[in-house]
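All chains are named by letter (A, B, ...) in the order of the sequence lines, taking the proteins before the strands, and each is independently numbered beginning at 1. Atoms considered below: every heavy atom in the structure, side chains included; atoms not considered: hydrogens, waters and symmetry mates. Because the structure is predicted, anything quoted here is derived from the model rather than measured.
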Amino acid sequence: MKPDSSPIKSPKVKKEDKASKKRKSLESEDEDFKPVSKAKKAKKEVKKEKKGSDKKGSASSGTESSPKKRVKKEKEEEREVWKWWEEEKKDDGVKWKTLEHKGPVFAPPYEPLPDNVKFYYDGKQMKLAEETEEVATFYGKMLDHDYTTKDAFNTNFFRDWKKVMTKAEKEVITDLKKCNFKEICEYFKMKSEERKAMSKDQKKEIKEANEAITKEYGFCIIDGHKEKIGNFRIEPPGLFRGRGEHPKQGMLKRRVQAEDIIINCGKDSEIPEAPKGHKWKEVRHDNQVTWLASWNENIQGQTKYIMLNAASKLKGEKDWAKYEVARKLHKCVDKIRANYHEDFKSKEMRIRQRAVALYFIDKLALRAGNEKEEGETADTVGCCSLRVEHTKLYEEKDSKPYVVEFDFLGKDSIRYTNAIPVEKRVFKNLELFTQNKQPSDDLFDRLNTTILNKHLHDLMEGLTAKVFRTYNASRTLQEQLNLLTDPDDPVASKILSYNRANRAVAVLCNHQRAVPKTFAKSMQNMMTKIEDKKKTIQEAKRNVKDAKVDYKQSKSEKNRSNLDRKKKILERLEEQLQKLEVAATDRDENKDIALGTSKLNYLDPRISVAWCKKFDVPIEKIYNKTQREKFRWAIDMATAEFQF
DNA sequence: GCACCAGACTCAGAAACTTCTAT
DNA sequence: TATAGAAGTTTCTGAGTCTGGTG
């Protein structure tokens, strides 16, 4: 094999016809992505779903308690539904023709602390200038949080805090350890308690005021349709809370003003009004992008955007296209797999590395792993950026041959640990890649995401590393549902099967969550219930036994029916126990796994919709109201026969 | 042709908030 | 019926992926 010492080269990307390639691929690929014909069939079902689905009400169905009002609201919403998926699709880069909105909502101005809430330095009370005090409250509010125990957080905070202090304050306040924020912390806790203890009317008043703001600023008119905006509030100032060991945690996120904001709207639309005494940084009319407003944040210099809600056409269409690309991969994945298996034997190191990385991305649903600027973010990696220290190789482990053990921090500093047996060639290649390297060296030193994605583009139009994650997630759900669903099961058991299938995906994608604070307690409650139920069952068993004796002795009709009744009671209790035990298992298995992320971002909703239709499971058992809005296109178009 | 970088978008878990349920 | 706290939902914003422009 050639040692291949050539430096990493960026791929040659033919820029000119990427858009047209993408367009062609979407147009030609799959019938299901063509609107109207199939979708119309399902129209009736969607209406039915809408009427029946919200019987219980939901978080956002809000204040109206009377059924009449609720029905009226639902009808209004129904009228507003824009069935964009039935319209002809264009992919010419133009995202909208007309766009009108009211601009963002700014964070409320700082309200100084009351005089009785004091800050102390070195034991002495100190009155702070308004801006200094505001930043002190950011820290005070977080006093009980883990963040304030971290050195990086405290150092960064103190440095940025000093920047806003007056000269005199700077001279006095020189050591964070001597600062006493306790009264500030207590004050905000008290405020929070006060909010909780407010009367119904007070709460209602606040809610209505919020709703009025949402009504005015929370929607835009895009191509003549009213659509919800996802985040119409500008992020308030505060302390930057990075995930994991972020080197910038604790830095001051400054207040965003109108002068920082770029407004994007239609040429002929009314331009949103800037707050009094202010003006926008810029007003532009760029219909090649989907955002309504943007600004640069001061911590990492990134652009922040105000965009539409997930239920909007722009987001929905993209989502639909995403799953179509994943389905397209399904059709050629065998060939691609054969291709990278062949590449395991390549003479060129860079090809072998590419093949092994792709093998992991495919098999383990790892993220691509872009390069990151050192020292600017937490030290996390994905597949292409794995280092030697993130893997261990075992010729044999737990009586399995050729095991690779992964241990690294992925996105959001979530730890990924997994030990998997791999093919011998993969194992031998990994040995080769790690030879003569330090633990901190790149495992795939001749590979990066640009090279990998360039290769994937050559294999299939529209294919990137990310598509494998979507594909394998959706594929797993489909397979698990096929495997686990028993058509004769009651709805509750079917839902349990669905959740298990969903969980398999969440495990694959390593979607974790912190164990809920109340978990141990609620688990204990469940166990108590189970124990109680068991005791009741024992008693019921005794009752059955007694009834049997009575019946044997008298053989009377009355005693027979009594025996039957006791038997039925016992049966029901045993069923209840089983349900409780299943629920307990379910909860325990779920304690550190987040199902929502995969459901929302990786699972083709048509799989779930089809499954619901096929097995007569009400869709609202699987998707809540927001999810149903997001996946309305899928609910409308997918029939029971849909297979991913 | 290549490296670099900014922009635009998706995906992510925590925290805040609302509703439901048990007592 | 009131209340507490558990469970479910929504919001928030940080952290990724990928593309395309520039020199």
(request) Using side chain to side chain contact (heavy atoms under 4.5 Å, CB included) as the criterion, list what pairs up with A:Cys384, not counting sequence neighbours. (result) A:Leu447, A:Thr449, A:Leu452

(message) Under 3.5 Å, is there a donor on one side chain and an acceptor on the other for A:Ser608 and A:Tyr498?
(response) yes

Listed pairs, N/O of protein and of nucleotides 14-16 of chain C, under 3.5 Å:
from	atom 1	to	atom 2	distance (Å)
C:dG14	OP1	A:Lys253	NZ	3.1
C:dG14	OP2	A:Lys304	NZ	2.7
C:dA15	OP1	A:Arg243	N	2.7
C:dA15	OP2	A:His246	NE2	3.4
C:dA15	OP2	A:Gln300	NE2	3.2
C:dA15	O4'	A:Asp412	OD1	3.2
C:dG16	OP1	A:Thr380	OG1	2.6
C:dG16	OP1	A:Asp412	N	3.3
C:dG16	OP2	A:Lys372	NZ	3.1

(message) Just to be sure I understand the geometry, which residues of residues 466-474 of chain A put a non-hydrogen atom under 4.0 Å away from DNA chain B?
(response) A:Lys466, A:Arg469

(message) At 4.0 Å (heavy atoms only), tell me whether A:Arg587 reaches a base, stays on the sugar-phosphate, or touches nothing.
(response) sugar-phosphate

(message) Rounded to whole Å, please give me the gap between NE2 in A:His511 and P in B:dA12.
(response) 4 Å

(message) Taking 4.0 Å as the cut-off, does a side-chain nitrogen or oxygen of A:His457 come that near to OP1 or OP2 on C:dT19?
(response) yes

(message) At less than 4.0 Å, is any side-chain N or O atom of A:Lys625 found next to OP1 or OP2 of C:dG8? Yes or no.
(response) no

(message) Is there a side-chain contact between A:Asn453 and the phosphate of C:dC18, meaning an N or O under 4.0 Å from OP1 or OP2?
(response) yes

(message) Whether A:Arg606 and A:Glu324 form a salt bridge (side-chain N of Lys/Arg under 4.0 Å from carboxylate O of Asp/Glu) is what I want to check.
(response) yes

(message) Using the side-chain hydrogen bond (donor to acceptor under 3.5 Å, both in side chains) criterion, which residues pair with A:Glu589? Sequence neighbours excluded.
(response) A:Arg503

(request) Please name all residues satisfying side chain to side chain contact (heavy atoms under 4.5 Å, CB included) with A:Asp319, sequence neighbours left out, ordered by chain then number. (result) A:Lys322, A:Tyr323, A:Lys630, A:Phe631, A:Trp633

(message) Please report the distance, rounded to the nearest Å, between NZ in A:Lys196 and C1' in B:dT18.
(response) 13 Å

(request) Could you tell me whether A:Glu629 and A:Lys625 make a salt bridge, using a distance below 4.0 angstrom between a side-chain N and a carboxylate O? (result) yes

(message) Suppose we screen for ring-ring contact (aromatic ring centres under 6.0 Å, His included). Which residues come up paired with A:Tyr187, at least two apart in sequence or across chains?
(response) none

(request) Could you state the atom-to-atom distance from CE of A:Met142 to P of B:dA15 in whole Å? (result) 9 Å

(message) For A:Glu235, give me all partners under side-chain hydrogen bond (donor to acceptor under 3.5 Å, both in side chains), at least two apart in sequence or on another chain.
(response) A:Lys253, A:Lys304

(request) Compare the minimum distances between each of B:dG13, C:dC18, B:dC11 and the side chain of A:Ala594, then state the nucleotide with the smallest one. (result) B:dG13

(request) Would you please name every residue forming a side-chain hydrogen bond (donor to acceptor under 3.5 Å, both in side chains) with A:Ser474, sequence neighbours left out? (result) none

(message) Assuming nearest nucleotide by heavy-atom distance, tell me which of A:Ile414 and A:Trp291 is located more 5' along DNA chain B.
(response) A:Trp291

(message) With nearest nucleotide decided by heavy atoms, which residue, A:Lys315 or A:Arg195, maps closer to the 5′ end of DNA chain B?
(response) A:Lys315

(message) If you assign A:Phe232 and A:Cys383 each to the DNA chain C nucleotide with the nearest heavy atom, which residue ends up on the more 5' nucleotide?
(response) A:Phe232

(message) Taking only side-chain N and O atoms of A:Asn448, does any of them lie within less than 4.0 angstrom of OP1 or OP2 on B:dA3?
(response) no

(request) Starting from P on C:dA6, measure out to NZ on A:Lys591 and report it in whole angstrom. (result) 18 Å

(message) Expressed as a whole number of angstroms, how long is the span from A:Asp146:CG to B:dA15:C1'?
(response) 15 Å

(request) List in chain and number order the residues that pass side-chain hydrogen bond (donor to acceptor under 3.5 Å, both in side chains) with A:Asn156, two or more places apart in sequence or in another chain; answer none if no residue qualifies. (result) A:Arg159

(request) Measure centre to centre between the rings of A:Phe232 and A:Tyr217, then say whether the value is under 6.0 Å. (result) no

(request) Could you check how far CZ of A:Arg284 sits from C1' of B:dA8, rounded to whole Å? (result) 12 Å

(request) Measure from the side chain of A:Arg513, starting at C-beta and using heavy atoms only, and say which of C:dT10, B:dC9, B:dA14 lies closest. (result) B:dA14

(message) Just the rounded figure in Å: distance from P of B:dA3 to CD of A:Glu371.
(response) 11 Å

(message) So, OP1 or OP2 of B:dC9: does either fall under 4.0 Å of a side-chain N or O from A:Thr290?
(response) yes

(message) I want to verify a distance call: between C:dC18, B:dG13, C:dT9, whose nearest atom is closest to the A:Ala465 side chain?
(response) C:dC18

(request) Ignoring backbone atoms, establish whether A:His145 has a side-chain N or O less than 4.0 Å from OP1 or OP2 of B:dA14. (result) no

(message) Counting only side-chain nitrogens and oxygens, does A:Tyr602 get under 4.0 Å of the OP1 or OP2 atom of B:dA12?
(response) yes

(message) If I take atom CG in residue A:Asn309 and atom P in nucleotide B:dC9, what distance separates them, rounded to the nearest angstrom?
(response) 16 Å

(request) Indicate, with a heavy-atom threshold strictly under 4.0 Å, whether A:Lys203 touches base, sugar-phosphate, or nothing. (result) nothing

(message) Tell me whether the side-chain N/O atoms of A:Ser294 come closer than 4.0 Å to OP1 or OP2 in B:dA8.
(response) no

(request) Report yes if at least one side-chain N or O of A:Thr303 is closer than 4.0 Å to OP1 or OP2 of B:dG7; otherwise report no. (result) yes

